[in-house]
Amino acid sequence: MKKYIVSAVCVLAFVACKQEKKEKTETAVVEEVAIVENDWEVLFDGSSLDQWKEFKTDGVSDAWKIEGDALIYTPPAEGEANKNHDLVTREEYTDFVMTLDWKISEAGNSGVFWGVSEDEKFGTGYQTGPEIQILDNDKHPDAKAGTTHQAGALYDMVSPAKDVTKPIGEWNTMVITVNHEEHKGSVTLNGTEMVTFPVANEEWDAMVAKSKFADWDGFGKYTTGKIGLQDHHNVVAFRNIKIKQL
């Protein structure tokens, strides 16, 4: 009888110990996930534009509006059209992973910049910030100018691996990584790695020298700068914008 009691106690102790280890493991996983999530800074979640402003101003015009969980740019009426409404972050970033969703209008064009400088000598974000292209590949004429102008490209420098864009009216998810310390960057679109490229080294300089930006003073020179969303005079929408500094 004592033998059975001892065995039962041992089994119960083993089960309790196993359950405790499981609970500790689950707790550790939850804590680890929380830490990872806390590394991300929310730049836009549909609630406010506190993290943003228009290029070289301190506010945001009515061209950018929040509708539901989306940030939508609509080209202003005639008379305002010649003004630049690029949106830029209030903070500057160096090495980061950024994720966002975008949806472009029919025949539309836009882009995401990094390394944007607001120095007085520059009039738009694209004069300094390299651009990851957002485009209607089917109907915008820029798509016919070469694959380095298509959605997911490092604009005018590196072509996307293939066209994985969703139909017009649907959301695309894009992840941009820029790591100056490791001298590399990449773009993933809808789960597919589109481009990889060098940054802040001789390979980067050689790549720029072969592009339309070869003689642009300041282009791609700012390793620390602002993130930008482009005003390209077409309707474009963004949502779920987050960034993690590396």
Side-chain angles (χ1 to χ4, degrees), residues 55 72-75 81-82 84-88 98-117 122-178 184-199 203-222 225-238 241:
F55 186 77
I72 300 176
Y73 172 77
T74 303
N82 291 328
N84 178 263
H85 295 282
D86 287 347
L87 208 62
V88 295
M98 179 183 181
T99 179
L100 57 80
D101 299 332
W102 60 261
K103 182 168 59 175
I104 192 67
S105 55
E106 186 173 355
N109 187 335
S110 185
V112 179
F113 307 121
W114 79 88
V116 173
S117 169
F122 303 120
T124 64
Y126 70 75
Q127 287 181 274
T128 55
E131 176 189 353
I132 303 305
Q133 176 78 307
I134 291 174
L135 198 76
D136 175 357
N137 284 343
D138 292 328
K139 295 189 176 180
H140 194 283
D142 217 18
K144 315 306 178 192
T147 53
T148 60
H149 290 200
Q150 295 180 1
L154 173 59
Y155 187 77
D156 208 59
M157 289 187 280
V158 182
S159 299
K162 55 184 177 179
D163 184 359
V164 296
T165 54
K166 300 287 183 67
I168 296 302
E170 295 186 19
W171 290 101
N172 298 269
T173 297
M174 187 158 69
V175 181
I176 302 171
T177 302
V178 175
K184 63 183 182 182
S186 66
V187 179
T188 298
L189 183 62
N190 297 326
T192 298
E193 186 171 81
M194 301 299 281
V195 298
T196 58
F197 51 90
V199 292
E203 289 180 81
W204 170 265
D205 292 340
M207 190 169 62
V208 173
K210 296 176 183 178
S211 73
K212 65 182 283 185
F213 309 111
D215 298 322
W216 289 32
D217 178 31
F219 178 82
K221 300 296 186 183
Y222 295 86
K226 300 192 171 186
I227 304 296
L229 305 179
Q230 188 181 35
D231 158 16
H232 204 286
H233 312 305
N234 300 126
V235 176
V236 62
F238 299 93
I241 309 175

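Every value quoted in this text rests on a predicted model; they were computed, and no experiment measured them. Along the sequence shown, residues are numbered consecutively beginning with 1.
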Q. Taking the six-membered ring for Trp, is the centroid-to-centroid distance between Trp114 and Phe197 below 6.0 Å?
A. yes

Q: State, with a plain yes or no, whether a side-chain heavy atom of Ile132 is found less than 4.5 Å away from one of Met174.
A: yes

Q: Could you tell me whether Lys139 and Glu106 make a salt bridge, using a distance below 4.0 angstrom between a side-chain N and a carboxylate O?
A: yes

**Q.** Least distance between heavy atoms, Ala209 atom then Ala214 atom
**A.** O-CB, 3.4 Å

**Q.** Main-chain N/O of Val199 paired with Glu203 side-chain donor or acceptor, under 3.5 Å
**A.** no

Q | Step-by-step side chain to side chain contact (heavy atoms under 4.5 Å, CB included) determination, Val164 to Met194 | A | CA-CA 9 Å; Val164 296; Met194 301 299 281; 3.7 Å; yes

Q: Please confirm whether the backbone N or O of Thr124 pairs with a side-chain atom of Asn84, one donor and one acceptor, at under 3.5 Å?
A: no

Q: Starting at NZ of Lys226, measure out to CZ of Phe55 and round the result to the nearest 0.5 Å.
A: 9.0 Å

Q. Do Ile227 and Met98 pass the side chain to side chain contact (heavy atoms under 4.5 Å, CB included) test, and can you show the C-alpha distance, the side-chain angles, and the key distance before you say yes or no?
A. CA-CA 10 Å; Ile227 304 296; Met98 179 183 181; 3.5 Å; yes

**Q.** Minimum heavy-atom distance between Ile72 and Ala237, given as atom pair plus value
**A.** CG1-CB, 3.9 Å

Q | Side chains of Gln150 and Ser159 in contact at under 4.5 Å (non-hydrogen atoms) | A | no

(Q) Are Val235 and Pro75 packed together at the side-chain level, in the sense that at least one heavy-atom pair is separated by less than 4.5 angstrom? (A) yes

(Q) Is there a side-chain contact between Thr192 and Lys162 in this structure, where contact means two heavy atoms from C-beta onward sitting under 4.5 Å apart? (A) yes

Q | Thr128 side chain to Ser117 backbone, donor-acceptor under 3.5 Å | A | yes

Q: Compare every heavy atom of Asn190 with every heavy atom of Lys166, then report the nearest pair and how far apart it is.
A: CG-ND2, 3.8 Å

Q. What distance separates Leu87 CG from Ser110 OG, expressed to the nearest 0.5 Å?
A. 10.5 Å

Q) Out of curiosity, Asp136 CG to Asp142 CG, how far, rounded to the nearest 0.5 Å? A) 11.5 Å

Q: Enter the distance from His85:NE2 to Thr74:OG1 here, rounded to the nearest 0.5 Å.
A: 11.5 Å

Q | side chain to side chain contact (heavy atoms under 4.5 Å, CB included) evaluation trace for Leu229 with Ile241 | A | CA-CA 11 Å; Leu229 305 179; Ile241 309 175; 4.1 Å; yes

**Q.** Nearest non-hydrogen partners of Glu193 and Ala161, listed with the distance
**A.** O-CB, 3.6 Å

Q. Does the separation of the ring centres of Phe238 and Trp171 fall below 6.0 angstrom?
A. no

(Q) Rounded at 0.5 Å granularity, tell me how far CG in Asn109 sits from NE2 in His140. (A) 4.0 Å

(Q) Quick one, Thr165 with Asp163, criterion side chain to side chain donor-acceptor pair (under 3.5 Å). Give me CA distance, side-chain angles, the key distance, then yes/no. (A) CA-CA 6 Å; Thr165 54; Asp163 184 359; 2.6 Å; yes

Q | Considering all heavy atoms, the nearest Asp217-Phe122 contact | A | O-CE2, 3.1 Å

Q: Check whether any side-chain heavy atom of Leu135 lies under 4.5 Å from a side-chain heavy atom of Ile104, and answer yes or no.
A: no

(Q) Once rounded to the nearest 0.5 Å, what's the spacing between atom OG1 of Thr196 and atom NZ of Lys184? (A) 9.5 Å

Q.
Testing the basics here: between Trp204 and Met157, what is the closest heavy-atom pair and its distance to 0.1 Å?
A. CH2-CE, 3.9 Å

Q: Please assess Ser105 against Asn234 for the test side chain to side chain donor-acceptor pair (under 3.5 Å), listing each intermediate value before the final yes or no.
A: CA-CA 7 Å; Ser105 55; Asn234 300 126; 5.3 Å; no

(Q) I'd like to check Trp102 versus Leu189 (side-chain heavy atoms, cut-off strictly below 4.5 Å). Are they in contact? (A) yes

(Q) I want to check something: taking the side chain as every heavy atom from C-beta on, are Glu170 and Ile168 in contact at a cut-off of under 4.5 Å? (A) no

Q.
So does Ala153 get a backbone contact from the side chain of Gln133, meaning a donor-acceptor N/O pair under 3.5 Å?
A. no

Q | Student check: side-chain heavy atoms of Val112 and Gln230 closer than 4.5 Å | A | no

(Q) Quick check on ring-ring contact (aromatic ring centres under 6.0 Å, His included): which of Phe219, Phe213, Trp216 does Tyr126 satisfy it with? (A) Trp216

